[in-house]
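Notes for the one structure printed next.
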Amino acid sequence: MNALLEGLNPVQQEAVQHVERPLLIFAGAGSGKTRVITHRIAYLMAEHAVPAHQILGVTFTNKAADEMAERISGLIGFGQTPWIRTFHATCARWLREHIERLSPHYNGNFTILDQTESKGLISECIKEMGLSTDEFKPVFLASLIDRAKDHLIGPNRFGAAYADALDDYLLDVVSSVFKRYQQKLERGNSLDFADLIRLTVHLFESFPEVLETYHNRYQFMLVDEYQDTNVAQYELTRLLAEKHQNLCVVGDDDQAIFTWRGADPTNLLNFERDFPGAKVLTLGQNYRCSGNILNAANGLISNNDLRKKKDLRAVRDEGDLIHCYGAGTQDEEANFVCGEIDRLHHEYGVALNQIAILYRVNTLSRQLEDTFIRWRIPYEVVRGLRFYERLEVKDLMAYLKLLVNPHDEASLSRAINRPRRGIGAKTISTVRVVAREQQLSMWEALKRVTSDPGASSLGNAPVKKLKAFVGLMDGLREKVPTHSPSEIAHAVLTQTEYIEELERTDSAAEERIGNLREMIGQLRSFEQQEEGMDLMAFLEHTALVSDADHYDGVTERVALLTLHAAKGLEFEYVFIVGAEENLLPHSRSIREGTLEEERRLCYVGITRAKERLYLTWATQRMLYGTAMYNAPSRFLWEIPGEHLNAPLPEPPRLSLG
C-alpha cells in the first residue's frame, strides 16, 4: 500500500485518491479532516507529479493554515510546499500584485485597517456630515457596511440593495457615509477586511486576463470549512475553480455557527447543484470523542431540520457519562467547576492545558475569573484585549503603517498627536477640510498646508508644528529601505520621544513600556524566522492574525473561551457552563427564530471534549447588573438520557420550536 494511504480508513483513502473534477467531503467533528486534506495534497504531488505551486489551499485561520503546511512538509520532505493560507491573506497577496488596476489611488503598499480603525474612520465621516455619532452609532453603520461588502455590494449599489431593509432617511445616511468612507479608504491607499475579498472578486470580474493568470497558476484548489464561506468567498471560489473544476471542499453543516457574520451554510449543501457531477464523500468515523460524548452530540443535533443526515460513529470506547450539575447560584457553579479542576489536576494528574471552560457570552468569564483566582488555578482567557489592540502598541503600529503608506488616514490621525505635539483638533479639522475640498489624502493635504502659506486659514504656530511632524515622518521614512523593521520601530520610539512622554504622564508607564519592548522583540523574532522580511510583510501578518491564532495550548493554564472561539480546538476535559435558557440558547436566537444555529453551537462545544464533558447551569445568576432566573437549557433534554450521569429535573415549559 502507498505510504500516504496507510492508517486511513476506506473513505479517507477514497478522498485522498480522488484527483480530477469536483469533490465534496462532509467531515464530521473529529473525523480526521486535516489528515485527509494534507494527505490528499501530498498524494497529488507524490503520485501525480502536481507541482506545489499549482495547488491552492484556503482556510479560515492562520493556525489551521500553518498546521496544514507543516504536516504537508512532514509528508513530502524538504522542498517547495503549496500556498496554504487564509482567504484574507491570499487576497492580500494577489491585490499587492494587481490593485493598481482598480484605482490610481491604490498601490501595492496599501495598509489593512482593523475593526477599531474602520469604526474610527466611519466616525469621522459621520462628524464631517454634521451628524451625531450618538444618533448614528459608528459600530452599527460599520456592521451594515461590512455585511454589504461581504455580499459584494459597494457604496454605489448600497441604496438599491437595502431599499427594503432600511427607512428612507437611514438609507440615505448610510449610503452617504458608505461613499465617503470608501473614498477615504481609496485615497488613503487602505483596505478594510471585507475589501480584501470584495476587491479581489471585482478585480477578477473586471480584468479577465488577471483571473486567467491564476487559472494557469493553480490547477487544483481546496477550501476548508466551506460551510463558513460568505457570498464574497463563495464567488471567489467559483471564479477560481470555473476553468479546471478541480475543486475539493471540506465542511460540516452541523458546525455552521457563523451565519451572524455572513456565513452561508447552504454553500456547502448546494455544492452538487453548483458543480454537477461532483463526487460526495462523508467521513463518518469520529476519532476524538468517547462514545458517550459523541452519541450525546448526535442526539442533540438530530433535532435540527436544516442539515444533511449523517451517521457519525465513535471509534473509541463509551467512556464516562456526561456530568450534569445544577447550581443554585453562579458562585456555586464556579466553585463546583474549580473543585472539579483541582481534583482532576491533583488527584488524577490531568494537565491544566487539557481543560477548557466554554460559555456562550464573554460576560461569564469575569464571573469565573474571581473564583479561579481564589482557588489559585492558573487560567487564560482566550480573547480579551489582544496584544496588538493595546493603546501603546496601536500607537507604534500607526507610525509603522504610516511609514509604509503615508496616505493611511486612520494611522495618520492616530500618530499625529501621540505623543502630544500641541496639534489641536481644530488644526486637524482644517487639514481634513483641505483634503476634502481638494480631493487629497490627509498626508497630501498636510504637505500642501505646510508648503503653501495660502493653502489654509492656519496661523504660523500650528503650521510650524505640522511642519515638524512632516519632517519627522520624512526622516523616519528614509530609514525604511536600509534598516530592519525592529530598528525602524526603535527609531520611531526614540525620535518621537514616545517613551519619555509615557514616563512623564502615564501611571501604567512601566507596563506599557514593557509591551513596546515586547513588540520590538516580536519584530526581531520575525526577522530571524523570515529571512528578508520587510516592514510591510510584518504589518500584513499582524493585520490578519485572529484570536484563535494566539492560543497555542501549550501553557499550563485552563482555557476560558466562548463556544464560537472553541471551534477547531479540542481538549481532554470540557466544562460548558451557563447551560441555561437565554444564555444557551441565547435570548436573541429565541426571539429571532435561529435556534438551529444555537443547537449547532452547543454541538460544537460538546464535540470539543475527548475524555469527559461537564454541563452546568445556575438557577440564579447576576448578569449585566441584574439578577436573572433562567431555566436549564432546553438542549439538555434533547440529549439522550442514557448518556447523562444523573436524571435531569422536570423540563421547563417552553416552545421547543
Side-chain angles (χ1 to χ4, degrees), residues 139-140 143-144 147 165 227-228 252-266 269 296-307 322 324-330 333 357-368 383 561-567 574-608 613-641 644 648-657:
V139 65
F140 173 66
S143 175
L144 283 175
R147 180 59 64 91
Q227 78 281 349
D228 291 336
D252 182 11
D253 50 312
D254 288 335
Q255 297 185 74
I257 59 173
F258 294 112
T259 61
W260 53 275
R261 67 181 189 196
D264 185 356
T266 62
L269 298 173
N298 287 341
L300 171 72
I301 203 64
S302 67
N303 289 275
N304 271 6
D305 295 322
L306 185 62
R307 66 185 293 262
I322 294 167
C324 295
Y325 179 77
T329 67
Q330 66 199 38
E333 180 188 46
I357 317 297
L358 311 183
Y359 36 79
R360 177 62 178 86
V361 293
N362 274 314
T363 310
L364 294 189
S365 74
R366 185 200 59 76
Q367 300 176 344
L368 290 162
R383 63 142 188 92
L561 64 165
T562 66
L563 288 158
H564 283 100
K567 189 163 182 291
V574 169
F575 294 77
I576 299 180
V577 301
E580 301 154 25
E581 289 294 306
N582 299 314
L583 286 179
L584 182 66
H586 195 278
S587 57
R588 184 173 57 249
S589 72
I590 299 171
R591 292 194 308 271
E592 298 176 358
T594 55
L595 277 171
E596 290 213 352
E597 176 143 350
E598 291 291 297
R599 192 174 283 114
R600 292 194 293 266
L601 187 59
C602 188
Y603 172 85
V604 165
I606 290 172
T607 54
R608 299 311 94 195
L613 173 70
Y614 294 80
L615 299 172
T616 71
W617 62 93
T619 303
Q620 178 183 338
R621 184 183 302 278
M622 286 295 294
L623 203 60
Y624 312 118
T626 304
M628 298 179 64
Y629 298 87
N630 294 326
S633 171
R634 66 186 74 194
F635 296 154
L636 296 170
W637 282 270
E638 295 178 356
I639 296 173
L644 306 178
L648 296 170
E650 284 295 312
R653 296 185 178 181
L654 300 164
S655 170
L656 295 181

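We number each residue from 1, following the sequence as shown. Every heavy atom of this structure was used, including side-chain atoms; hydrogens, water molecules and symmetry mates were not.
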Non-hydrogen atoms of L648 and C324 that approach each other most closely: CD2-SG, 4.3 Å
Residues that T619 engages under side chain to side chain contact (heavy atoms under 4.5 Å, CB included), provided they are two or more places apart: none
Quick one: NE2 on H564 to CG on N362, what's the gap to the nearest 0.5 Å? 11.0 Å
H586 ring center near W260 ring center (under 6.0 Å): no
Across all chains, not counting sequence neighbours, the salt bridge (Lys or Arg N to Asp or Glu O under 4.0 Å) partners of E598 are R360
Enter the distance from Y359:OH to T562:OG1 here, rounded to the nearest 0.5 Å. 6.5 Å
Could you pull out the closest heavy-atom pair between Y603 and L300, with the gap in Å? N-CD2, 3.8 Å
Going by an N to O cut-off under 4.0 Å, is there a salt bridge joining E596 and R599? no
Specify the closest pair of heavy atoms between L358 and A566, including all atoms of both residues, with the distance to one decimal. CD2-CB, 3.8 Å
Please identify each residue that fulfils salt bridge (Lys or Arg N to Asp or Glu O under 4.0 Å) with D253, with sequence neighbours left out. K310
Side chain proximity check, D254 to T607, heavy atoms < 4.5 angstrom: no
Starting at CG of L613, measure out to CD1 of I322 and round the result to the nearest 0.5 Å. 5.0 Å
One should read off an interatomic distance between R608 CZ and L561 CG, to the nearest 0.5 angstrom, of 10.5 Å
Distance-minimising heavy-atom pair for N630 and N582: OD1-ND2, 3.2 Å
OH on Y614 to CD on E333, rounded to 0.5 Å: 14.0 Å
The reported gap from CD in E580 to CG in L615 (rounded to nearest 0.5 angstrom) is 12.0 Å
